[in-house]
Amino acid sequence: MRQLFEKLKTASLEEIRGAKNADALRQIEVKYLGRNGEFTVLIKGLKDLPADEKPSAGKLANEIKIALTEAIRGRREILEQETLAQESNTEFFDTTVPGAHYEIGHIHPISQMQYEVERIFGEMGFSIMDGPEMESEYYNFEGLNIPATHPARDMQDTFFVKNKFHDFHGKMVMRTHTSPVQIRTMERYGAPLRIIVPGRVFRYEATDAGHDSTFNQVEGLLIDKNISLAHLKGIMIEFLTRLFGKPIKVRFRPGYFPFVEPGLELDLSCVLCNMKGCRVCKHTGWMEFMGAGMVHPNVLKAGKIDPKIYQGWAFGFGLTRLTMLKYGIDDIRLFSSGNLKFLNQF
Ligand code: DAH
């Protein structure tokens, strides 16, 4: 009896594993486990066994029945998966091939530099301000103490916008510098102030490798009580040292700008030769960096700040020029050229 059971088990399991499809599997199931299946018939014969053999034979029969049912269920699952895979995926798919690469673009080098400058000044407690690129003559010139006789007021230097007039504010111009935002910010927030203003400015000039009609500047303004140029020196040494990642020295030279008094030019130690002398710094060890000075009392007044109580300094440097310096770019026109061979290097 035991041998009969084992033989049946081996044969049926082999058939189940070899079933080619669901129909074939179903037939095998009927053949063994159906009402008149070979296995069912054997079990029915158990009742004729001697009483002492019955329990162990019954146990064996039960185990085999479970094994067969399990094997059929397992085989059915495999067959179902195979059919699914065939239906949904007739083409060969190589999962080891790398995915398609999409060009998603990146941040323009001048914007990258701007974010860096904003980060460093932000860490030193400066707020970032913004202002309109089309300005009134008042904010761009008069309010900044720039007289009508100043060369910047000339049509040859500035883009004037046609037919835009205002009684007090004069004509509209494309701002020639970021300095107008000094007055706008003073008007709106009063003193004390600690801001930088990155932005685009426009000049009516012949373009060459060093000049473009559109470029970027960063304005700085700090207003408080008891402020001196020593604070400006400290802030600029800290800013430039953090930006270039190495110790930078600065020096002041006298300079003239109508909106500061006294006015000055700030040079930084040559970042290329570390003051040993090179072609770029013309063997002086210094590079011109920016204009600055103590804010002129007339400018504070234009911003509704009392010059008897508050004073401060302002500066303006070329963000475009700083980017050229940092990356050794020798033609300013590349920035707005849309030339991907250039832009993709950043
Ligand atoms: N606005 C000046 C320019 O465009 C730069 C400048 C110089 C800004 C001195 C300042 C300053 O705030 O104090 O050339």
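All ligand and atom numbering here is 1-based and tracks the order in the structure.
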Would you mind running through ligand 1 and noting each atom that sits below 4.0 Å from a heavy atom of [X]?
X	result
A314	12 (O), 13 (O)
G316	6 (C), 8 (C), 10 (C), 12 (O)
Q217	3 (C), 4 (O)
V260	13 (O)
G291	7 (C), 9 (C), 11 (C)
G293	13 (O)

With heavy atoms and a 4.0 Å threshold, my read on which part of S179 contacts ligand 1 is side chain
Check your understanding: Counting only heavy atoms not in R253, do more than 12 sit closer than 6.0 Å to its CZ atom?
Key -> yes
(Q) Surrounding NZ of K249 (heavy atoms of other residues, nucleotides or ligands, distance under 6.0 Å), is the total greater than 12? (A) no
Check: R153 side chain, I146 main-chain N or O, donor-acceptor pair, under 3.5 Å = yes
Query raised in the report: Does Q182 have a non-hydrogen atom less than 4.0 Å from ligand 1?
Result: yes
- prompt: With a 4.0 Å cut-off on heavy atoms, does W313 reach ligand 1?
  reply: no
Is the [X] ring parallel, tilted or perpendicular to the [Y] ring (thresholds 30°, 60°)?
X	Y	result
F342	F335	perpendicular
Y139	H169	tilted
F346	Y327	perpendicular

Among R203, E261, E219, closest by heavy atom to atom 4 (O) of ligand 1 is R203
So, is the end of the K233 side chain (NZ or CZ) under 6.0 Å from the ring centre of F252 and within 45° of the ring's axis? yes
Sorted by chain and number, sequence neighbours left out, ring pair (Phe, Tyr, Trp, His ring centres under 6.0 Å) with H211 holds for none
If you scan protein heavy atoms around atom 11 (C) of ligand 1, the nearest is F259 CE1, 3.4 Å
Note to self: What I want to know is whether F315 and ligand 1 share at least one N or O pair that is separated by under 3.5 angstrom.
What the structure shows: yes
